[in-house]
K.L.:
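One structure, as C-alpha cells, below. Some questions next.
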Amino acid sequence: MRTQVAIIGGGPSGLLLSQLLHKRGIDTIVLERKTRDYVLGRIRAGILETGFVELMREAGVADRMDRECFVHDGTVISYGDNEFRIDFVEHTGTPVVVYGQTEVTRDLYDAREAMGGKIVFETEDVTIHDADSDAPYVTYTTHGQEHRIDCDFVAGCDGFHGVSRQTIPLTVRREYEKVYPFGWLGILSETPPVHEELIYAGSDRGFALCSMRNANLSRYYIQCSLSDSPEDWTDAAFWDELKRRLPAEHAEKLVTGPSIEKSIAPLRSFVTEPMRWGRLFLCGDAAHIVPPTGAKGLNTAASDIHYLYHGMVQHYLDGDDSGLDGYSEKALARIWKAERFSWWMTNLLHRFPDQSEFDLKMQQSEIDFLRSNREAQSVLSQNYVGLPY
Ligand code: APR
Ligand code: PHB
C-alpha cells in the first residue's frame, strides 16, 4: 500500500490534518489504535481559539459547531469571595468558542467518512521505518494481519503515549518536563452551567473551574491530590468541595446533579524538540503537553496542524520545502509561549503543597495586580484567545 502522508493517530490532530490535506488533493491514511467509539468517549476541554475555528471552517467541518457552540467574550477569575471579569473582546477584539472536543472529533470523523477518508482502526504494533531517509514506511497489524504503507511523510499525531516521539533517537531528541504536585478531578453533569461564562477559581482550599458543554451539560473541576482516585469522591463530596471554592453568590446558585462522568487527570508541562526528524513530523500531544488551566491542549495542536498542512501543500503543489524545513522552529516558537501561559495560569490559581507564607503573598499579589491592571488583563486576554499563528 502507498500514500503520500501516513498519519498515526485518529484524535483531533490526525483527523484535522487528514481532512485538510484531502481537500487539497493530498492522499493520507490515518492509523488509529482504538475504535472510533473509544476515541469519542474521551472527555476533553472545549475552548477553541479563533485559529482553530478557522481551520475547522477551512476543513469544511464547522457547520454544527457554528450552530451549537457558545461564544464567550470573557471569563471570571475569582479568589475566595472576590471575583472580577476579564473581557477578551475589549482587549483583543476576539472571543473564544466553547464547543466540546468530543464534538470536534465527532464532526471530523463524520467528515472523513463522508469524503471517503482512509482510517484504519484497532491497529497494533505501528512502527515507523526509515524516517530519516527519502523512503519512509510504516508497518502495523490488524486482526493478526501485517501491513506496510510506503509514504512520502509520516505525521505523528499519536498523543503523549504514542510511538512517533519515541521513534526520534534520544541522541536527537531533547525533552523538557514539569510534573505538577496535584491533579484535576473533573465531573460532567446534566445540569445548567452555574454561570454564562467560565469561572477560574482560586481559594485557600485549592483551584476549581466551572465550565460547560451546552445549556444542560456542565463540566466542573476541583484541584485534588495525586493520591486521590475518582472512587474516593462521592458526588455529594465533590459538590460540597466545589461550593467551598467558589464565591458565595455562585455557590448558592450551583445546580447539582448526578455525575455522568468522573475522572482525575494529572497535570504536566512537556515539550520535545525538535518536532521533525527526517520525513517524520510530530503534531499535538505527541510533541507537547500543557496543564489544562490555560485551555491550550487542542489549540496548540491546531497551530502545529496549520504549519504542517501549509508546509505540505507548498511541497506538493509548489515544489517548495521552506514550510516543511521551518516547521519545527515555527511550531515550537508558538508552543513555548502557550506552555508559559499555561504554567503561569496554573501557578496563579493552584495551592502548591510546599508553598510558604511568602509564596502565598506573591500569589495574592499577582491576582490583585491582574484584578487592577488593564495591561495585565490585556496580556492574559491575548494569550487566552490565542497568539497569532
Ligand atoms: N498507533 C495508532 N494510534 C495511536 C498510537 C499508536 N501507537 N498511540 C496513540 N494513538 C492514538 C490514540 O488512541 C489517540 O486517539 O492517537 C490519538 C492521539 O490523540 P490525542 O491524544 O487526543 O492527541 P491529539 O490528536 O494531538 O489531540 C490533542 O487531545 O489529549 C487532548 O488535551 C489534548 O486537547 C488536546 C488534544
Ligand atoms: C473544559 O471545559 O473542560 C475546560 C475549559 C477550560 C479549561 C480547561 C478545561 O481551562
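Sequence positions, counted from 1, serve as the residue numbers for this chain. This is a predicted model, so every value here is computed, not measured.
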K.L.:
Determine the minimum heavy-atom distance between Gln377 and Arg85, stating which atoms define it.
P.N.:
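Reported closest heavy-atom pair: OE1-O, 3.9 Å.
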K.L.:
With salt bridge (charged side-chain N to carboxylate O under 4.0 Å, His left out) as the test, would you mind laying out the steps for Arg374 and Glu90 before giving the verdict?
P.N.:
CA-CA 10 Å; Arg374 281 186 53 77; Glu90 176 192 334; 2.3 Å; yes
K.L.:
With the 4.5 Å side-chain cut-off for hydrophobic clustering, are Val313 and Met56 part of the same group?
P.N.:
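Val313 and Met56: one cluster.
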K.L.:
Is there a side-chain contact between Arg33 and Leu31 (heavy atoms, below 4.5 Å)?
P.N.:
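They are not in contact (no side-chain heavy atoms under 4.5 Å apart), so the answer is no.
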K.L.:
Ion pair present between Arg2 and Asp152, side-chain N to carboxylate O less than 4.0 angstrom?
P.N.:
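Salt bridge present between Arg2 and Asp152.
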K.L.:
Mind checking ring-ring contact (aromatic ring centres under 6.0 Å, His included) for His91 and listing every partner two or more places apart, or none if nothing turns up?
P.N.:
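His91 satisfies ring-ring contact (aromatic ring centres under 6.0 Å, His included) with no residue once adjacent residues are dropped.
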K.L.:
In the hydrophobic clustering (ILVMFWY, side-chain contacts below 4.5 Å, transitive), which residues join Met362, or is it alone?
P.N.:
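Its cluster partners, ordered by chain and number, are Phe358.
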K.L.:
Per the salt bridge (charged side-chain N to carboxylate O under 4.0 Å, His left out) rule, what does the pair list look like for residues 288-297, sequence neighbours excluded?
P.N.:
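Non-adjacent pairs meeting salt bridge (charged side-chain N to carboxylate O under 4.0 Å, His left out): Glu49-Lys296.
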K.L.:
Please determine whether the number of non-hydrogen atoms from other residues, nucleotides or ligands lying under 6.0 Å from atom CD of Glu261 exceeds 12.
P.N.:
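More than 12 heavy atoms, drawn from other residues, nucleotides or ligands, come within 6.0 Å of this atom.
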K.L.:
Compare all side-chain heavy atoms of Cys151 with those of Val5 and state whether any distance is below 4.5 angstrom.
P.N.:
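Answer no - side chains too far apart.
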K.L.:
Could you see if Ile43 belongs to whatever hydrophobic cluster contains Leu198? Use Ile, Leu, Val, Met, Phe, Trp, Tyr and a side-chain cutoff under 4.5 Å.
P.N.:
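Looking at the clustering, Leu198 is in a separate group from Ile43.
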K.L.:
Is any side-chain N of the basic residue among Asp368 and Arg371 closer than 4.0 Å to the acidic one's carboxylate O?
P.N.:
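Judged by the 4.0 Å cut-off on N to carboxylate O distance, Asp368 and Arg371 do form a salt bridge.
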K.L.:
Please find out if less than 6.0 Å separates the ring center of Tyr180 from that of His350.
P.N.:
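Not close enough - the centres of the two rings lie 6.0 Å or further apart.
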K.L.:
Measure the shortest side-chain to side-chain distance between Val163 and Thr127 over non-hydrogen atoms and say whether it is less than 4.5 angstrom.
P.N.:
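A side-chain contact is absent here, since even the closest heavy-atom pair is not under 4.5 Å.
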K.L.:
Is the shortest side-chain heavy-atom distance between Ile367 and Asn82 below 4.5 Å?
P.N.:
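Result no, sub-4.5 Å side-chain heavy-atom pair not found.
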K.L.:
Check the hydrophobic clustering (I, L, V, M, F, W, Y; side-chain heavy atoms under 4.5 Å; chains of links allowed) and say if Tyr137 and Ile7 are grouped together.
P.N.:
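No, Tyr137 does not connect to Ile7 through the hydrophobic network.
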K.L.:
Is the closest side-chain donor-acceptor distance between Ser229 and Asp232 under 3.5 Å?
P.N.:
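Yes, side-chain donor-acceptor contact under 3.5 Å.
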K.L.:
For Tyr389, enumerate each residue passing the ring-ring contact (aromatic ring centres under 6.0 Å, His included) test, keeping only those at least two apart in sequence or located in another chain.
P.N.:
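Per chain and number, Tyr389 pairs via ring-ring contact (aromatic ring centres under 6.0 Å, His included) with His306.
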K.L.:
Between Arg334 and Asp304, does any NZ, NE, NH1 or NH2 come within less than 4.0 Å of an OD or OE carboxylate oxygen?
P.N.:
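Result for this pair is no, no salt bridge flagged.
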K.L.:
Is the shortest side-chain heavy-atom distance between Trp184 and Leu209 below 4.5 Å?
P.N.:
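They are in side-chain contact.
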K.L.:
Can you name the residues that form a side-chain contact (heavy atoms from CB on, under 4.5 Å) with Asn383, not counting sequence neighbours?
P.N.:
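Applying side-chain contact (heavy atoms from CB on, under 4.5 Å) to Asn383 gives Arg340, Phe341, Val379, Leu387.
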K.L.:
Which pairs count as ring pair (Phe, Tyr, Trp, His ring centres under 6.0 Å) when at least one residue sits in residues 38-89, sequence neighbours excluded?
P.N.:
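Sorted result for residues 38-89: Phe88-Tyr384.
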K.L.:
Do the side chain of Asp125 and the main chain of Thr141 share a donor and acceptor less than 3.5 angstrom apart?
P.N.:
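Between the backbone of Thr141 and the side chain of Asp125 there is no qualifying donor-acceptor contact (under 3.5 Å).
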K.L.:
Near Glu146 CD, under 6.0 Å, is it more than 12 heavy atoms from other residues, nucleotides or ligands?
P.N.:
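Not more than 12 within 6.0 Å, no.
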K.L.:
So, Ser356 side chain and Asp359 main chain: donor-acceptor pair closer than 3.5 Å or not?
P.N.:
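Looks like yes, one N/O pair under 3.5 Å.
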K.L.:
Taking ILVMFWY side chains as joined if any heavy atoms are under 4.5 angstrom apart, and letting links pass through other members, which residues group with Tyr220?
P.N.:
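Its cluster partners, ordered by chain and number, are Val76, Leu185, Ile187, Val194, Ile199, Ile222, Trp233, Phe238, Trp239, Leu242, Leu246, Leu254, Ile264.
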K.L.:
Grouping I, L, V, M, F, W and Y whenever their side-chain heavy atoms are under 4.5 Å apart, do Leu48 and Leu380 come out in a common cluster?
P.N.:
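No, it is not one cluster - the side chains of Leu48 and Leu380 are not joined through contacts under 4.5 Å.
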K.L.:
Do Arg106 and Arg64 have side chains that get closer than 4.5 Å, going by heavy atoms?
P.N.:
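Result yes, sub-4.5 Å side-chain heavy-atom pair found.
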K.L.:
Using a 6.0 Å cut-off, check whether atom NZ of Lys361 has over 12 heavy atoms from anything other than its own residue.
P.N.:
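Not more than 12 within 6.0 Å, no.
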K.L.:
If only atom types and distance count, is the side chain of Arg165 paired as donor or acceptor with the main-chain N or O of Ala286 below 3.5 Å?
P.N.:
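Between the backbone of Ala286 and the side chain of Arg165 there is a qualifying donor-acceptor contact (under 3.5 Å).
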K.L.:
How far apart are the C-alpha atoms of Ser269 and Tyr176, what are their side-chain angles, what is the distance that settles it, and do they pass the side-chain hydrogen bond (donor to acceptor under 3.5 Å, both in side chains) test?
P.N.:
CA-CA 8 Å; Ser269 298; Tyr176 305 84; over 6 Å; no
K.L.:
According to side-chain hydrogen bond (donor to acceptor under 3.5 Å, both in side chains), does anything in residues 11-29 pair up with another residue at least two apart or in another chain? List the pairs.
P.N.:
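side-chain hydrogen bond (donor to acceptor under 3.5 Å, both in side chains) check on residues 11-29 returns Thr3-Asp27, Ser18-Thr28, Ser18-Arg112, Gln19-Arg112, His22-Arg112, Arg24-Tyr309, Asp27-Lys118.
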K.L.:
Got a list of side-chain donor-acceptor pairs under 3.5 Å for residues 210-217, not counting sequence neighbours?
P.N.:
unit_1: Arg213; atom_1: NH2; unit_2: Arg44; atom_2: O; d: 2.7
unit_1: Asn214; atom_1: OD1; unit_2: Asn216; atom_2: N; d: 2.7
unit_1: Asn214; atom_1: OD1; unit_2: Leu217; atom_2: N; d: 2.9

K.L.:
Working to the nearest 0.5 angstrom, can you tell me the gap between His288 NE2 and Thr272 OG1?
P.N.:
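Output value for this atom pair is 10.0 Å.
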K.L.:
Going through the distances and angles, do Arg276 and Asp325 end up as a salt bridge (charged side-chain N to carboxylate O under 4.0 Å, His left out)?
P.N.:
CA-CA 9 Å; Arg276 174 191 187 178; Asp325 293 341; 3.0 Å; yes
K.L.:
Does Glu177 have any side-chain contact (heavy atoms from CB on, under 4.5 Å) partners at least two apart in sequence or in another chain, and if so, which?
P.N.:
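With sequence neighbours excluded, Glu177 shows a side-chain contact (heavy atoms from CB on, under 4.5 Å) to Phe160, Val179, Arg268, Phe270, given in chain and number order.
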K.L.:
Between Leu16 and Val104, is there a shared hydrophobic cluster once you connect ILVMFWY residues whose side-chain heavy atoms come closer than 4.5 Å?
P.N.:
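Leu16 and Val104: one cluster.
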K.L.:
Judged by atom type as modelled, is there a donor-acceptor pair below 3.5 Å linking the side chain of Asn373 to the main-chain atoms of Ala376?
P.N.:
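Yes, the answer is positive, given that a donor and an acceptor are paired below the 3.5 Å cut-off.
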K.L.:
Around Glu329, counting heavy atoms of other residues, nucleotides and ligands shown, do more than 12 lie under 6.0 Å from its CD?
P.N.:
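Counting neighbours around CD of Glu329, 12 or fewer heavy atoms of other residues, nucleotides or ligands fall under 6.0 Å, so no.
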K.L.:
Is there a donor-acceptor pair closer than 3.5 Å between any side-chain N or O of Tyr327 and the backbone N or O of Leu282?
P.N.:
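Yes; at least one donor-acceptor contact below 3.5 Å.
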K.L.:
Quick check against the 3.5 Å criterion: does Glu103 have a side-chain atom that pairs as donor or acceptor with the backbone of Gly100?
P.N.:
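Here the side-chain-to-backbone pair does not exist.
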K.L.:
To the nearest 0.5 Å, how far apart are OH in Tyr109 and CG in Leu15?
P.N.:
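Going from the OH atom of Tyr109 to the CG atom of Leu15 covers 4.5 Å.
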K.L.:
Could you list the residues that satisfy side-chain contact (heavy atoms from CB on, under 4.5 Å) with Pro12, not counting sequence neighbours?
P.N.:
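For Pro12 the side-chain contact (heavy atoms from CB on, under 4.5 Å) partners, ignoring immediate neighbours, are Gln101, Thr105, Leu298.
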K.L.:
Got Thr35 and Glu122 here, is their nearest side-chain heavy-atom distance under 4.5 Å?
P.N.:
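Yes; the side chains approach each other to less than 4.5 Å.
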K.L.:
Does the distance from a Lys or Arg side-chain N to an Asp or Glu carboxylate O, for Asp63 and Arg67, drop under 4.0 Å?
P.N.:
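Not counted as a salt bridge, because no side-chain N and carboxylate O are separated by less than 4.0 Å.
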K.L.:
Is a side-chain N or O of Ser259 found less than 3.5 angstrom from the main chain of Asp235, in a donor-acceptor match?
P.N.:
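No, the answer is negative, given that no donor and acceptor are paired below the 3.5 Å cut-off.
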K.L.:
Measure from the side-chain N and O atoms of Arg245 to the backbone N and O of Phe207, and report whether any donor-acceptor pair falls under 3.5 Å.
P.N.:
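Yes: the side chain of Arg245 pairs with the backbone of Phe207.
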K.L.:
Using only atom types and a distance under 3.5 Å, with no angle test, would you say the side chain of Asp81 pairs donor to acceptor with the backbone of Ala248?
P.N.:
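Answer holds: yes.
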K.L.:
Stepwise, does the side-chain contact (heavy atoms from CB on, under 4.5 Å) test hold for Leu308 with Met275?
P.N.:
CA-CA 11 Å; Leu308 187 56; Met275 289 174 56; over 6 Å; no
K.L.:
With a 3.5 Å distance limit and no angle check, can you tell me whether Asn347 reaches the backbone of Trp343 through a side-chain donor-acceptor pair?
P.N.:
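Answer holds: yes.
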K.L.:
Within a strict 4.5 Å, meaning less than it, do heavy atoms of the Phe153 and Tyr316 side chains meet?
P.N.:
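Phe153 vs Tyr316: side chains touch.
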K.L.:
Would you mind listing every ring pair (Phe, Tyr, Trp, His ring centres under 6.0 Å) that reaches into residues 241-268, with sequence neighbours excluded?
P.N.:
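Qualifying pairs, neighbours excluded: His195-His250.
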K.L.:
Over all heavy atoms of both residues, which pair between Pro274 and Ile168 is shortest? Give the atoms and the distance, please.
P.N.:
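Looking at all heavy atoms of both residues, the closest pair is O-CD1, 4.1 Å.
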